[in-house]
Number of protein chains: 2
Amino acid sequence: MSSGRGPRRRRRPEEAERAILAAARAFLTERPFREMTIDGVMVRTGLSRPAFYAYFRDRYDLVTRLLEGIGGVLFAVDRRWLIGASDGLEEAREALAAALRGVSETFASYGPVLRAIADAASQDPQVEEVYRRGLIERLVGAVAARISRDVRAGLSPDDLDPEQTARALVLMTERYLLDAFGAPSSRSSEDERAVVAGALEKIWLRTLYGP
Amino acid sequence: MSSGRGPRRRRRPEEAERAILAAARAFLTERPFREMTIDGVMVRTGLSRPAFYAYFRDRYDLVTRLLEGIGGVLFAVDRRWLIGASDGLEEAREALAAALRGVSETFASYGPVLRAIADAASQDPQVEEVYRRGLIERLVGAVAARISRDVRAGLSPDDLDPEQTARALVLMTERYLLDAFGAPSSRSSEDERAVVAGALEKIWLRTLYGP
DNA sequence: GTGTCTACTGACATGATGTCAATAAAGACG
DNA sequence: CGTCTTTATTGACATCATGTCAGTAGACAC
């Protein structure tokens, strides 16, 4: 055994931070968040464990930073349906289906990281705040707004409670996609993604726009 | 402060075990699982921390035992719809609605404990096994079977993938109800439960049996 | 070559966990 | 009642991840 910790090397702070984030991502594609120890991440960077604390407060802070960027993508792929006008039924159906395919792709790409965030959210109040309030609730709000518009426009049945329906559908999508793509070290095939996105599509479409 | 730990008292093993389970339940109605430390539970029983290990392996074993019984209830309230024959549409709709109301009631009663199990499942492989494989997956299987029957009977559209649809709907129900009733120290009103069960009903019914 | 700045680390303190040998209640038996 | 046996219970210990901090040693400036 000779990979002690290597000779002391000095990096730019920003470079070290990126190295830690990359090491964490790599770790999470192999093993679940519950096994992610700070030392386990730092050995992959060649830095010592205490160096971690120069860049992050704790491992919850670390996964929070991993979420940056991904959150934006999740909104971006839904954008067309979320902000679209309630013009026609066909257009709405098509935009929603595209949004769900986009979200599925995103989960397929970032699954293990998103899974880690979701796991961390149940263990740390700060992560819970960022993930639930800052991501899930914002999605719920946006979806609820779109549902409200569709109900008013007569595209969707008026016995729907927009807020509650939005919350149920968003939570379903989150958990179901984490279930499908969140496991570490599991790559997903083209078909798998199609099947998964298809199942979500049917439920969303039937609920909001009928058969 | 004089409630040191009290004079040494001896209980029947079974009695002590019940006391620990009760203390854990009490704890979880006040504070989340992430704050549940073994000592924090044991002070409520008047026993010392090491005594805990005579009855449970660790806190994950403890929450697993809290799940016993509740799991059965979750199947019992669904029973009529789950095992029912695919006779008529109205009967199916009514049975499904009743099942969802029953599940909502159960979550309203045992919310904090179920939330604790769900949280623990992301932190411990054993709990994950019991909760996901032993409860969620079994529900998914039963629901998928019912959906298959309904599709064959022509009650539900045949473009549904029974397995995937069942998984998405069950996960939705789980997370949405945990969201509504899982928070410690939050009692739920009659209306709240009605609103919540109503939102779920609409989604399940529209998806499986149309408008 | 000398000095300054600061990235980095070794060593320490803390807090929760799980174990074990030793202790002392409670009931059995005389 | 006294004594014995059983075993529920505990104090003390070992472990492990965490977070902190004073001190060390790269890198760049001059």
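Predicted model, so just to flag it, every value in this text is computed and none were measured. In what follows, every chain begins at residue 1, and chains take the letters A, B, ... in the order their sequences are listed.
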Sorted by chain and number, sequence neighbours left out, side-chain hydrogen bond (donor to acceptor under 3.5 Å, both in side chains) with S156(A) holds for none
Those residues at least two apart in sequence (or on a different chain) that pass side chain to side chain contact (heavy atoms under 4.5 Å, CB included) with R65(A) are E17(A), L21(A), F56(A), D61(A), E68(A)
Who are the side-chain hydrogen bond (donor to acceptor under 3.5 Å, both in side chains) partners of D159(B), not counting sequence neighbours? R206(A)
Who passes side-chain hydrogen bond (donor to acceptor under 3.5 Å, both in side chains) against T64(A), sequence neighbours left out? none
Pairs in or reaching into residues 71-85 of chain A: which pass salt bridge (charged side-chain N to carboxylate O under 4.0 Å, His left out), with residues at least two apart or in two chains? R80(A)-E94(A)
Report, one pair per line, the protein and nucleotides 18-21 of chain C atoms (nitrogen or oxygen only) whose separation is under 3.5 Å.
unit_1, atom_1, unit_2, atom_2, d
dG18(C), OP2, Y53(B), OH, 2.9
dG18(C), N7, R49(B), NH1, 3.0
dG18(C), O6, R49(B), NH2, 2.8

Mind checking what makes side chain to side chain contact (heavy atoms under 4.5 Å, CB included) contact with A180(A), not counting sequence neighbours? V196(A)
What is the separation between atom CD on E17(A) and atom C1' on dC8(C), rounded to the nearest whole Å? 16 Å
Among pairs that include at least one residue of residues 162-171 of chain A, which meet salt bridge (charged side-chain N to carboxylate O under 4.0 Å, His left out), considering only residues two or more places apart or in two chains? E137(A)-R167(A), E163(A)-R167(A), R167(A)-D179(B)
So which protein N/O to nucleotides 4-7 of chain C N/O distances come out below 3.5 Å?
unit_1, atom_1, unit_2, atom_2, d
dT6(C), O2, R10(A), NH1, 3.2
dT6(C), O2, R10(A), NH2, 3.3
dA7(C), O4', R10(A), NH1, 3.3
dA7(C), O4', R10(A), NH2, 3.3

Residues at least two apart in sequence or cross-chain that pass side chain to side chain contact (heavy atoms under 4.5 Å, CB included) with S185(B), listed by chain then number, are none
Estimated bend of the helix from dG1(C)-dC30(D) to dG30(C)-dC1(D) (axis per five terminal pairs, rounded to 10 degrees): 10°
Check the phosphate of dT17(C) against T37(B), side-chain N and O only, distance under 4.0 Å to OP1 or OP2. Yes or no? yes
Would you be so kind as to tabulate the donor-acceptor pairs closer than 3.5 Å made by side chains of residues 106-113 of chain A, with sequence neighbours excluded?
unit_1, atom_1, unit_2, atom_2, d
T106(A), OG1, G102(A), O, 2.9
S109(A), OG, E105(A), O, 3.1

Ring of F75(A), cation from R138(A) - is the NZ or CZ under 6.0 Å from the centre and inside 45° of the axis? yes
